[in-house]
Protein chains: 2
Amino acid sequence: MNRATHEHDIPHAHAGHGHAAHDALNSPVHGERATRQRAAIREVMVKEARPMSPPEILDAAKKLVPRLGIATVYRNLKAMVEVGELSPVQLPGNRLFYELAHKADHHHHHFRCEDCERVFDIDGCDETFSALLPAGFTLHSHDLTLYGSCAECATKALARQAKALAKQAKAAKPQSPAA
Amino acid sequence: MNRATHEHDIPHAHAGHGHAAHDALNSPVHGERATRQRAAIREVMVKEARPMSPPEILDAAKKLVPRLGIATVYRNLKAMVEVGELSPVQLPGNRLFYELAHKADHHHHHFRCEDCERVFDIDGCDETFSALLPAGFTLHSHDLTLYGSCAECATKALARQAKALAKQAKAAKPQSPAA
DNA sequence: TTGATTGCAAATCGTTTGCACGAGA
DNA sequence: TCTCGTGCAAACGATTTGCAATCAA
């Protein structure tokens, strides 16, 4: 989960959601099947290794299973979350993203590239924000989302800038046609 | 926006804040009308003074304008955002919330009560998270959302606990009927 | 008056679900 | 074989939009 579920908490013994009870509940009692579709989804998630949206996953997985439908993607994502293989990633304002569960096992957050819209994991963040709370409030967890440019897009942006500057300089030269 | 574009906190002084919604910035170029519906929405937002969802706003504003429809709420919220009177608040999850724009003028974040689902503003947060970024990434802004119990719900929860304990204790007494 | 605004319903958009068919075990 | 899973389409919930009636300026 992106939601950091461990922080300041009242002495209130309460389990919450967590996948603590999964072992007993979700043992392969249901006889889960290994389908091409699910394998394709898994492959995509492993290869990309970053939080992805259902449509993103569909597009990528369609290259492996052309007739794959969006409904199947949603059903599998949900099932894989229940089994503990994936974790839902809730970003401000956007549709749900999903990432490999082991990534969610340790406290981390997300970075969203404002250019390519992709989401990346960010490790760290040992902050405790309980100091910010008004009196009487109790803190259970937090979500932190960073926005900016990923390395790739930042590089491209720089290249564009450089190009623009070059063109500008060129245009400024006396021999060139005046703008 | 809740998105902390923590570049510069523009002092942005508001003179008499009676209802001077349209100062110089929002010159009524479009000839906006003052409708009962919009007034009701504004009144609700001012009174509650916290980020609210469109349905929340509808419910509250219906007490002022009974025949108010959800579409009108959405249209007005959007218009009020464009005019700069309100700011959209994107919380991890999905539904957009709205809050008075002046609240968004300074860097702040949000707290969501996991019990009553209400959202509150949280001031502060002078952190800079750029240290968390991978090489090549650049940070523009961040969103921080805290989760827990608001003062009201925390109190209620304690009351419930106390009550449960009392009942338990009572049930344990020999004279009481066994549960 | 007159055109912006409303209310209602139909239309979207993302996501879920019903159902008959296809495919793992 | 015998279910479970898939694909497709209809259903859904949140938000938007078309349109005739309404109302503020």
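Numbers restart at 1 for each chain; the letters A, B, ... are given by sequence-line order, proteins then strands. Keep in mind the model is a prediction, meaning the values are calculated, not measured. Side-chain atoms are counted along with the backbone in the values below, which use heavy atoms only and exclude waters and symmetry mates.
Here the C1' atom of nucleotide C/dT16 and the CD atom of A/E82 are 13 Å apart, to the nearest Å. Taking atom NZ of B/K78 as the reference point, atom P of C/dT6 lies 14 Å away to the nearest angstrom. Here the P atom of nucleotide D/dA14 and the CE atom of B/M52 are 16 Å apart, to the nearest Å. Remark: P of D/dT17 and CG of B/N76 are 15 Å apart, rounded to the nearest angstrom. Rounded to a whole Å, the CG atom of A/L68 is 18 Å from the P atom of C/dG22. Atom pair A/L77:CG and C/dG14:P shows a separation of 16 Å (rounding to whole Å applied). Distance CG (A/L58) to P (D/dT6): 13 Å, rounded to an integer number of Å.
Among C/dT16, D/dT6, D/dT17, the nucleotide with an atom closest to any side-chain atom of B/A71 is D/dT17.
For A/R67 against C/dG22, no side-chain N or O and base N or O form a donor-acceptor pair under 3.5 Å. Looking at A/R95, its side chain has no donor and acceptor atom pair within 3.5 Å of the base of D/dG13.
Along DNA chain C, the nucleotide closest to A/R75 and the one closest to A/I70 are compared, and the more 5′ of them pairs with A/I70.
Under a 4.0 Å N-O distance rule, the pair B/E56/B/R95 does not qualify as a salt bridge.
Using the six-membered ring where Trp is involved, B/H110 and B/H108 have ring planes that are perpendicular, over 60° apart on the 30 and 60° scheme.
Taking CG from A/L100 and CZ from A/R42, the interatomic distance works out to 10.0 Å, rounded to the nearest 0.5 Å. How far NZ of B/K163 is from NZ of B/K170: 11.0 Å, rounded to the nearest 0.5 Å.
Residues A/H142 and A/H140 keep their aromatic ring centres 6.0 Å or farther apart.
For B/F111, the ring pair (Phe, Tyr, Trp, His ring centres under 6.0 Å) partners at least two apart in sequence or on another chain are A/F137.
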Using a cut-off of under 3.5 Å, enumerate the N/O to N/O pairs linking the protein to nucleotides 23-25 of chain C.
from	atom 1	to	atom 2	distance (Å)
C/dG24	N2	A/R33	NH2	3.4
C/dA25	OP1	A/A34	N	3.4

Check against salt bridge (charged side-chain N to carboxylate O under 4.0 Å, His left out), B/R112 and B/E117: CA-CA 6 Å; B/R112 172 140 203 176; B/E117 298 285 292; 3.0 Å; yes
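In terms of phosphate contacts, A/T72 brings no side-chain nitrogen or oxygen within less than 4.0 Å of OP1 or OP2 of D/dG5.
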